[in-house]
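Both counts, for ligands and for their atoms, begin at 1 and track the order of listing.
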Amino acid sequence: MKDEEIKFPEGFYWGAATAAHQVEGGQRNDWTEWETSPARMANLERSGLIKKYGKGNFISGLATDHYHLFKEDLRMAKALGHNAARFSLEWSRLEPERGRFDEHEFAHYLGVVRTAKKDGLEPFVTLWHYTLPLWVRDQGGWENRSTIDDFARFVEKVVLILGPEIKFWITINEPEVYAGDAYLAGRKPPQKKNPVAYLRVLRHLAIAHRAAYAVIKQLSPRSLIGIASNQIHFDARSFDPIGKAAAVIADRWWNARFLNRIAHTSDFIGVNHYFHIWTGLWPDRDHYPLSDMNWKLRPASIYPVLMRLKRFGKPIYVTENGLADSKDEHRAWFIRETLNGVHRAIGSGADVRGYLHWALLDNFEWTDGFWPRFGLISVDYETLERKYRPSALAYRDICRGNGITPASKTKG
Ligand code: IFM
């Protein structure tokens, strides 16, 4: 990398992201019921995973107890020079029974939002990040069309209470991943492997986004609304026409399909970027470090991803990007190189306005449980003690300096 200063546009948002179920603890939703089910436990036992990680690894339980410790966590984010924080609201807490809203829980999230703002963190609030109230699960979750109306009613209530405080709303997190994992791969509840249900759920999620958009715009016209879409960079060698064609098809199917459906009802595009997938007949010649989850670490992929999103002509926010790295060996390098790519994309005309690292702190990584460590802040799950990882401090220098200075370059 060049040794010069790289400055980001004035007002760029710097921060990190979390999701309610992964950090709060004490949930009662479709996931908490599923994770302890005898069938799932037997499966984990059979595959040797309980022996390897222990049963507790797979039960979200108290998570990081962010529900009670959010003030401390937000204070730590502030000390890291962040000026934005992405987090989600837990629908099952706010509407535990159909039409019964829990005022106490609304007050809780109002407290979270106000604390964030007092700490100088602009909230990016996700309305739905994977987990469902039990009554929604019982009516068939997103397969049932009436869940769209229920979601719109929930959003209306949320915006009536939190709306005056919120500028950025993210309606749905990674619809592509959720639908694929839950309805095609059978990895997440309700564990179906049904292409018809998969397409139906995707369609309903797109309609739900549009319905939420209409509700929010009506109640809070000045707020900005988008989704967090999982965007993958598919690639092949330039002389490999079949691999290249496969990359184009994969891109249309995974990256473009959902966004095309909702872009006209989005004020910005939120992008979660983790993967670079090789579609070539000839193997990739480059070698990449691996994360603890064996994900290839290729931060340069952010550039083509952002350049492809330019066509929507909307502001773009990187709403997630990160890696499981318990030893913190690669994170500082990974963030810096990703930001180099973001900066290059801005220089090439992509209107990128913020970067939110996944995650602020270690958390419950869904089916993998607690062992993957995604946090800028480490969490000791015995004591709940939080500590900054060195990469958090390297990122802090970038946030504070609104860019990458030679001084903020630490070894990766
Ligand atoms: O932990 C998840 C998050 O919930 C959604 N995006 C990807 C992250 C890492 O797998």
Side-chain angles (χ1 to χ4, degrees), residues 15-25 27 29-32 34-35 57-60 63-64 66 73 85-92 124-132 142 170-182 185 187-189 205 226-233 254-255 258-259 269-277 290-299 301-302 305 317-326 330-331 334-335 338 354-379 381 389 391:
T18 58
H21 186 82
Q22 296 178 268
V23 292
E24 284 183 352
Q27 309 289 10
N29 56 31
D30 64 333
W31 192 282
T32 56
W34 171 79
E35 69 187 355
N57 178 69
F58 298 101
I59 296 178
S60 49
T64 70
H66 177 74
D73 294 337
R86 178 181 170 215
F87 52 87
S88 75
L89 308 178
E90 177 63 30
W91 188 1
S92 63
F124 282 68
V125 178
T126 312
L127 288 156
W128 187 72
H129 195 125
Y130 293 174
T131 46
L132 292 169
W142 287 111
I170 293 168
T171 54
I172 290 168
N173 184 72
E174 293 181 352
E176 319 82 1
V177 175
Y178 172 77
D181 281 357
R187 259 200 298 269
K188 287 179 182 159
L205 287 170
I227 64 159
S229 169
N230 183 288
Q231 295 284 305
I232 295 174
H233 178 49
W254 182 266
N255 293 327
F258 196 89
L259 281 182
I269 308 288
V271 44
N272 294 1
H273 176 58
Y274 293 91
F275 297 114
H276 162 232
I277 292 181
L290 297 177
S291 81
D292 295 347
M293 297 174 83
N294 280 331
W295 297 359
K296 270 193 289 175
L297 300 177
R298 187 181 186 260
S301 293
I302 193 82
V305 163
Y317 295 89
V318 178
T319 38
E320 280 184 34
N321 168 253
L323 64 158
D325 182 15
S326 64
H330 306 296
R331 194 174 281 104
F334 183 83
I335 292 176
T338 302
Y355 173 84
L356 298 157
H357 188 75
W358 182 270
L360 178 63
L361 67 164
D362 287 341
N363 60 79
F364 180 74
E365 177 58 15
W366 306 111
T367 44
D368 288 286
F370 287 107
W371 75 260
R373 301 288 187 150
F374 275 91
L376 292 167
I377 297 170
S378 69
V379 176
Y381 289 114
R389 291 204 161 95
S391 57

J.: Aromatic ring centroids of W358 and Y274 under 6.0 Å?
T.: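 They do not qualify: ring centres at least 6.0 Å apart.
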
J.: Hey, what do you get for OG (S60) to CD (E35), rounding to the nearest 0.5 Å?
T.: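 Spacing of OG (S60) from CD (E35) equals 3.5 Å.
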
J.: Is the distance between the ring centroids of F275 and W254 under 6.0 Å?
T.: no

J.: I need the H276 NE2 to L297 CG distance, nearest 0.5 Å.
T.: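 Going from the NE2 atom of H276 to the CG atom of L297 covers 12.0 Å.
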
J.: Got a sec, which pairs hit salt bridge (Lys or Arg N to Asp or Glu O under 4.0 Å) with one end in residues 363-376, sequence neighbours left out?
T.: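 Those involving residues 363-376 are D362-R373.
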
J.: List the protein residues in contact with ligand 1, where contact means a heavy-atom separation under 4.0 angstrom.
T.: Q22, H129, Y130, N173, E174, Y274, W295, E320, W358, E365, W366, F374

J.: Which heavy atom in A324 sits nearest to a heavy atom in P372, and how many Å separate them?
T.: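 The answer is CB-CB, 3.9 Å.
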
